[in-house]
Peer 1: 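Take a look at the following structure, please.
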Amino acid sequence: MRLSKFLLATLREAPSDAETQSHKLMIRAGMIRRIAAGIYNFLPTGLRVFKKVENIIREEMNNTGALEVMMPFVTPSDLWIKSGRWDIYGKELLRFKDRADREFCLGPTHEEVVTDLVDREIKSYKNLPLTIYQIQPKFRDEIRPRFGVMRAREFVMKDAYSFDIDEPSAEISYQKMFDAYKRIFERCSLNFKAVEADSGNIGGSVSHEFMVLTDTGEDVIMTCDKCDFAANLKSTPVVFDEQYQIDRKDYLPLDLVATPSLVSVSEVSEFLKTTFRNVVKTMIVSTNQGFEAALIRGDHELSITKYKRFRELDTVELATADQIKKLNTIKGFSGPIDLDIKIYADNAIRPMINFVTGANQLDKHCMNVNFGRDFNINDFGDLREAQPGDKCQCPEEGVLTTTRGIEVGHVFKLGRKYSDSMSAKFVDKNGKEKSFFMGCYGIGVGRVIAAAIEQNNDDNGIKLPLSIAPFEVVVIPTDLKNNDVVKFSEQIYHFLLDSKFDVAIDDRDETPGVKFKDAELLGIPWHVVVGPKSLAKDVVELKNRLTGASEEIKKNDYTKIEETINETS
RNA sequence: CGGGGUGUAGCGCAGUUGGUAGCGCACUGGUCUGGGGGACCAGGGGUCGUCGGUUCAAAUCCGAUCACCCCGACCA
């Protein structure tokens, strides 16, 4: 590629609203441009990187025997009604009607479509197992898109779906995908970790997230210092020590106290001269089965994810101030006493005695509250988020610590959730109808790019590995008025082209400084610099963007350039 | 959706008693320059987010509206 004919679109300054390094650099390098919130154009430079990542994914998917298809971006409501997700998916699903008033949505994921597809085409166990995938846009109307293509509303995802006769067979399909994911992210030179995760809206039991480890990641990962346990904070189990004793005779009389305008646990505990740990928060949640209350110790946080799973609910969110008011209590002063809804408590509440709660009255709290005496708890469970310092569940009793990560891939063992609800069946060996055992597997293509850049950059810009860089090597003539420089640059350029490198020549009429800056900003791993000074010494310069190393090579020794790149990359 | 903030040239920004809109980078033409975003000369580009109001006069004051960004619940 001749850069004089290319749309480089590099910027010296990033837009002020870009936050993360990857977002700023992708804009500065001319890879992406925003067109609406969470919706982006990919410019030529960005698309080059995109295609490379896409091809790596495609190759590894094909290697597992998965078959590529293309399913529609626009999907009809009836499939979603059939699976039951039309009602539970919420506002994230962008819905609209066609001219005949039929309802559609933009596909946020394709379990429904693919299940329908396979149900129509596959009738016999003889055609199983089968894994189908596509690389295609998705739309999720995110509440808050941010960080450029990291969390976009429209984004391209590789989504694969496996169909097996039973769980043991599905386990093999799952493992194949798991291994393919590792190879994909290794080929993109990402520093990543596979962690146990919650399966969220998609459903299913077992799931792993592939997290790229960076300080700016949106997800928090818990890891153990003694074993190889690693999980998303949201689904890290909290170990509850059953060894506790309460002398129920030590109950103190219930006491109603004034706590004017004191809402937070820290304010209340300080005012009442007690500790965070002696306060119980009453979190009112709105669920698909009505309102419920979750009791959490003052120094802990409620995990909505765990709550949803514990109660086996479809939707759980914190109630609004208005909703709370209708339950005859007040936001900030809610408490379990005389609260007319179901109450569930975190395990940490079990050993508590004479604690502090809200009084369901403005500016009032209750002291010396005790369950059993003052109110009843429907059930106890693991409802709180894990914290750094918590014990791991491993026998070695390791301690959990946090790191941050970006979720680039997610593999789910779905089971028969969709095949049952959509009655997608095949005929087994015994001539009996059975539902498919399914798995689903996603990779965010744009997010892989952003994560790679987030993990590989410096003051001069992006540093990409050869496998996903926009160009593998750029030839930089420093002086277009010097015939020798131009001649040698062209010769090297054509040699590298013939050697099947993805090579660019910066033949723009720009000063050397501009060319160096752009080559570095774009993250091109190899720069061949051809200038009068080096030619006078019969050499050209070969620079490596990743290591910063620079090497002089005899000007006619083209194969040495080829060898160095091939050996070092 | 709740809370906070911003809209002035492609990007980054200035523009406080209301008086016909400016700087740097980028862009166009030219001369020089040619190993780290070079210099000089000459240019082009704005309904000051939008609509309405106050005023002789509004980027500036008032109201509404839209868009975008940041902090909390989602997920590839």
Peer 1: Could you identify the nucleotide paired to G7(B), looking across every strand shown and requiring Watson-Crick or G-U wobble geometry with both distances under 3.5 Å?
Peer 2: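 When the pairing criteria are applied, C66(B) turns out to be the nucleotide that pairs with G7(B).
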
Peer 1: What is the distance, rounded to the nearest whole Å, between atom OH of Tyr89(A) and atom C1' of C75(B)?
Peer 2: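 Interatomic distance, OH of Tyr89(A) to C1' of C75(B): 8 Å.
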
Peer 1: Both distances below 3.5 Å, Watson-Crick or wobble geometry, any strand: find the nucleotide opposite A59(B).
Peer 2: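 Pairing partner, where one exists within any strand: none, as none qualifies.
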
Peer 1: At less than 3.5 Å, do the side-chain atoms of Thr511(A) and the base atoms of G35(B) form a donor-acceptor pair?
Peer 2: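 Under the 3.5 Å cut-off, the side chain and the base do not form any donor-acceptor pair.
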
Peer 1: Give the B/S/- string for nucleotides 7-14 of chain B, one per nucleotide from 5' to 3', where a protein heavy atom under 4.0 Å of the base yields B, of only the sugar-phosphate yields S, and otherwise -.
Peer 2: ----BSS-

Peer 1: C32(B) pairs with which nucleotide, Watson-Crick or G-U wobble, both distances below 3.5 Å?
Peer 2: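 Looking at the geometry, C32(B) pairs with G38(B).
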
Peer 1: Rounded to the nearest angstrom, tell me the gap between atom CZ in Arg85(A) and atom P in C75(B).
Peer 2: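 Atom-to-atom, Arg85(A) to C75(B), this comes out as 10 Å.
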
Peer 1: With a 4.0 Å limit, can you tell me whether Arg153(A) has a side-chain N or O closer than that to the phosphate oxygens OP1/OP2 of C75(B)?
Peer 2: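 No.
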
Peer 1: Counting any heavy atom closer than 4.0 Å, what does Asp219(A) reach on the DNA or RNA strands: base, sugar-phosphate only, or nothing?
Peer 2: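 Contact class for Asp219(A): base.
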
Peer 1: Could you tell me how far apart Arg34(A) (CZ) and C70(B) (P) are, to the nearest whole angstrom?
Peer 2: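 That distance rounds to 10 Å.
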
Peer 1: Ignoring hydrogens, what is the shortest heavy-atom contact between Ala293(A) and Ile341(A)? Give both atom names and the distance.
Peer 2: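 Closest pair (atom of Ala293(A), atom of Ile341(A), distance): N-CD1, 3.8 Å.
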
Peer 1: Show me the donor-acceptor pairs, under 3.5 Å and distance only, between side chains in residues 523-530 of chain A and residues at least two apart or in other chains.
Peer 2:
from: Trp526(A); atom 1: NE1; to: Ser569(A); atom 2: OG; distance (Å): 3.0
from: His527(A); atom 1: NE2; to: Ile524(A); atom 2: O; distance (Å): 2.8

Peer 1: Within the structure shown, what part of the strands sits under 4.0 Å from Gly531(A) by heavy-atom distance: base, sugar-phosphate, or nothing?
Peer 2: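 Base contact - Gly531(A) has a heavy atom under 4.0 Å of at least one base atom.
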
Peer 1: Rounded off to whole Å, could you give me the CD-to-C1' distance for the Glu218(A) and A73(B) pair?
Peer 2: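 Result: 13 Å.
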
Peer 1: Charged N to carboxylate O below 4.0 Å: is that the case for Lys281(A) and Glu301(A)?
Peer 2: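 Salt bridge flag = yes for Glu301(A) with Lys281(A).
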
Peer 1: Roughly, in whole Å, what's the span from CZ in Arg508(A) to P in A26(B)?
Peer 2: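 Roughly 12 Å, once rounded to whole Å.
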
Peer 1: So does Arg153(A) pair up with Asp141(A), basic N to acidic O under 4.0 Å?
Peer 2: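 Salt bridge flag = yes for Asp141(A) with Arg153(A).
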
Peer 1: Students often get this wrong, so: under 4.0 angstrom with heavy atoms, is Glu407(A) touching a base, only sugar-phosphate, or nothing?
Peer 2: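 Contact class for Glu407(A): base.
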
Peer 1: Return yes when atom NZ of Lys176(A) has more than 12 non-hydrogen atoms of other residues, nucleotides or ligands closer than 6.0 Å, and no otherwise.
Peer 2: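 Atom NZ in Lys176(A) is not packed in, count stays at 12 or less.
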
Peer 1: Phosphate oxygens OP1/OP2 of A76(B): is one of them under 4.0 Å from a side-chain N or O of Arg151(A)?
Peer 2: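 Checking Arg151(A) against A76(B): no side-chain N or O falls below 4.0 Å of OP1 or OP2.
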
Peer 1: Looking for any heavy atom pair under 4.0 Å, which part of the strands does Glu19(A) touch: base, sugar-phosphate only, or nothing?
Peer 2: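 Sugar-phosphate contact only - Glu19(A) comes under 4.0 Å of backbone atoms but never of a base.
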
Peer 1: Please give, in whole Å, the distance from A76(B) C1' to Phe155(A) CZ?
Peer 2: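 Whole-Å distance recorded here is 5 Å.
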
Peer 1: For atom C1', what is the distance between A67(B) and G49(B), given to the nearest Å?
Peer 2: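 Looking at atom C1' only, A67(B) and G49(B) are 7 Å apart.
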
Peer 1: Considering only the C1' atoms, how many Å lie between U8(B) and U55(B), rounded to the nearest integer?
Peer 2: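 Roughly 22 Å separates the two C1' atoms.
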
Peer 1: Under 4.0 angstrom, heavy atoms only, what part of the nucleic acid is Ile143(A) near: base, sugar-phosphate, or nothing?
Peer 2: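 The residue Ile143(A) makes base contact.
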
Peer 1: Below 3.5 Å, does any donor atom in the side chain of Arg144(A) face an acceptor in the base of C1(B), or the other way round?
Peer 2: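 Result: no qualifying N/O pair found.
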
Peer 1: Might you point out which heavy atoms bring Lys158(A) and Tyr181(A) nearest each other, and give the distance in Å?
Peer 2: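 Looking at all heavy atoms of both residues, the shortest contact is NZ-OH, 2.8 Å.
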
Peer 1: Looking across every strand, which nucleic acid part, if any, lies under 4.0 Å from Asp141(A) by heavy atom: base, sugar-phosphate, or nothing?
Peer 2: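 Answer is nothing: Asp141(A) stays at 4.0 Å or more from every strand.
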
Peer 1: Would you mind reading off the distance between Lys517(A) atom NZ and C25(B) atom C1', rounded to a whole angstrom?
Peer 2: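 To the nearest whole Å, that distance equals 15 Å.
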
Peer 1: Classify the nucleic acid contact of Val529(A) as base, sugar-phosphate or nothing, counting any heavy atom under 4.0 Å across all strands shown.
Peer 2: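 Result for Val529(A) = base.
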
Peer 1: Name the nucleic acid region contacted by Val408(A), choosing base, sugar-phosphate or nothing; use a 4.0 angstrom heavy-atom cut-off, strictly under.
Peer 2: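 Sugar-phosphate contact only - Val408(A) comes under 4.0 Å of backbone atoms but never of a base.
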
Peer 1: Between atom CG in Asp518(A) and atom P in G38(B), what is the gap in whole Å?
Peer 2: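 Taking CG of Asp518(A) and P of G38(B), I get 11 Å after rounding.
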
Peer 1: For atom P, what is the distance between C61(B) and G15(B), given to the nearest Å?
Peer 2: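 Rounded to whole Å, the distance is 12 Å.
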
Peer 1: Testing the 3.5 Å rule here: is there a donor-acceptor pair between the side chains of Thr214(A) and Glu454(A)?
Peer 2: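 No.
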
Peer 1: Taking Asp458(A) first and then Arg545(A), would you say they form a salt bridge - that is, a charged N and a carboxylate O separated by under 4.0 Å?
Peer 2: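 Here Asp458(A) pairs with Arg545(A) in a salt bridge, since their nearest N and O are under 4.0 Å apart.
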
Peer 1: Which part of the nucleic acid, if any, lies within reach of Lys331(A) when heavy atoms closer than 4.0 Å are counted: base, sugar-phosphate only, or nothing?
Peer 2: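 Counting heavy atoms under 4.0 Å across all strands, no contact is made by Lys331(A).
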
Peer 1: Answer with base, sugar-phosphate or nothing: what part of the nucleic acid does Lys24(A) contact at a heavy-atom distance below 4.0 Å?
Peer 2: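 Here Lys24(A) touches no strand at all.
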
Peer 1: Should G43(B) form a Watson-Crick or G-U wobble pair with both distances under 3.5 Å, which nucleotide is its partner?
Peer 2: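 Result: C27(B).
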
Peer 1: How close do Glu112(A) and Leu79(A) get, heavy atom to heavy atom, and via which atoms?
Peer 2: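 Closest heavy-atom pair between Glu112(A) and Leu79(A): CG-O, 3.5 Å.
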
